[in-house]
Amino acid sequence: MNTLIEFARTHLELFLRIVAVAQFSLVIANLFIARILGWKPEIDRMSLLVREVFIIHSWFITITLAIWTVLTWRFAHEMAHAPTELSRWLCWAMAGFWGIRCAAQWLHYSPSHWRGIPSRTFFHWLFFLGYGTWTAVYALAATA
């Protein structure tokens with residue numbers, strides 16, 4: 001286990017950049033998620049207020065992820081090799097966010113959305129493992 005942590009610390013800047021690229025892919029996917037998942041009929045049935053809140057929250061989550069992507073990419077070297085109190089705090093915040101999101105993958109979503117549907121099961125596990133990995137990378141950077 002120590003060897004794995006040492007390996008991760010040695011390559012932490014690379015892992016942070018990989019997380020930034022993965023987050024960027026999520027930013028792009030979020031721009032098309034309603035179309036990809038065929039949500040338009042459900043969104044159209046929402047009351048005007050709920051629909052507007054849903055759309056604004058979706059946009060602000062996407063903007064937040066874009067900001068984190070840029071910060072992670074731009075400051076990966078400092079986060080990995082010369083962390084400051086600010087970068088540690090930011091990494092802990094992002095680790096906490098992704099850790100909660102990782103837990104929500106199991107605790108919030110009903111298994112009926114993915115169980116027995118191979119493509120959805122694949123994405124369920126992909127997101128769970130991805131968010132868990134992002135949590136670990138940011139937590140490792142926070143303790144660098």
Student: Count I, L, V, M, F, W, Y as connected when their side-chain heavy atoms are under 4.5 Å apart, and connections chain through other members. Are Phe127 and Tyr138 then in the same cluster?
Tutor: yes

Student: Evaluate the criterion side-chain contact (heavy atoms from CB on, under 4.5 Å) for residue pair Leu31 and Trp59; output intermediate values, then yes/no.
Tutor: CA-CA 8 Å; Leu31 298 175; Trp59 273 102; 3.9 Å; yes

Student: Compare every heavy atom of Ser110 with every heavy atom of Ser112, then report the nearest pair and how far apart it is.
Tutor: OG-OG, 2.8 Å

Student: Do Leu90 and Ile67 share a hydrophobic cluster (ILVMFWY, side-chain heavy atoms under 4.5 Å, transitive)?
Tutor: yes

Student: Would the number of heavy atoms belonging to other residues, nucleotides or ligands and lying under 6.0 Å from CZ of Arg120 be above 12?
Tutor: no

Student: So which heavy atom on Trp114 is nearest to which on Thr121, and how close?
Tutor: O-OG1, 2.8 Å

Student: Using the rule that two of Ile, Leu, Val, Met, Phe, Trp, Tyr join whenever any of their side-chain heavy atoms come within less than 4.5 Å, decide whether Trp134 and Phe128 are in one cluster.
Tutor: no

Student: Does the Thr72 side chain pair with the main chain of Trp68, one donor and one acceptor, at a distance under 3.5 Å?
Tutor: yes

Student: Would you call Phe122 and Pro118 a side-chain contact if the rule is heavy atoms closer than 4.5 Å?
Tutor: no

Student: In terms of hydrophobic clusters joined by side-chain contacts under 4.5 Å, are Trp39 and Ile36 together?
Tutor: yes

Student: Would you say the side chain of Thr84 lies within less than 4.5 Å of the side chain of Phe75, judging by non-hydrogen atoms?
Tutor: no

Student: Could you pull out the closest heavy-atom pair between Ala34 and Ile43, with the gap in Å?
Tutor: CB-CD1, 3.9 Å

Student: Looking only at heavy atoms, what is the nearest atom pair of Phe24 and Thr69, with distance?
Tutor: N-OG1, 3.5 Å

Student: Which atom names give the shortest non-hydrogen contact between Arg88 and Ala144, and what distance separates them?
Tutor: NH2-O, 2.8 Å

Student: Measuring from Arg51:CZ to Glu42:CD, what's the distance to the nearest 0.5 Å?
Tutor: 13.0 Å

Student: Does the side-chain contact (heavy atoms from CB on, under 4.5 Å) test come out yes or no for Val53 and Met46, once each step is laid out?
Tutor: CA-CA 10 Å; Val53 169; Met46 293 177 182; over 6 Å; no

Student: Please tell me whether Tyr131 and Ile61 are part of a single hydrophobic cluster in this structure, the criterion being side-chain heavy atoms less than 4.5 Å apart.
Tutor: yes

Student: Side chains of residues 94-104: which donor-acceptor partners sit under 3.5 Å, not counting sequence neighbours?
Tutor:
from: Trp98; atom 1: NE1; to: Gln23; atom 2: OE1; distance (Å): 3.0
from: Arg101; atom 1: NH1; to: Gln105; atom 2: OE1; distance (Å): 2.7
from: Arg101; atom 1: NH2; to: Gln105; atom 2: OE1; distance (Å): 3.2

Student: For residues 9-21, which side-chain donor-acceptor pairs fall under 3.5 Å, sequence neighbours excluded?
Tutor:
from: Arg9; atom 1: NH1; to: Leu140; atom 2: O; distance (Å): 3.4
from: Arg9; atom 1: NH2; to: Thr143; atom 2: OG1; distance (Å): 3.1
from: Thr10; atom 1: OG1; to: Glu6; atom 2: O; distance (Å): 2.8
from: His11; atom 1: ND1; to: Phe7; atom 2: O; distance (Å): 2.9
from: Glu13; atom 1: OE1; to: His77; atom 2: ND1; distance (Å): 3.0
from: Glu13; atom 1: OE1; to: His81; atom 2: NE2; distance (Å): 3.1
from: Glu13; atom 1: OE2; to: Arg17; atom 2: NH2; distance (Å): 3.3
from: Arg17; atom 1: NH1; to: Trp73; atom 2: O; distance (Å): 2.7

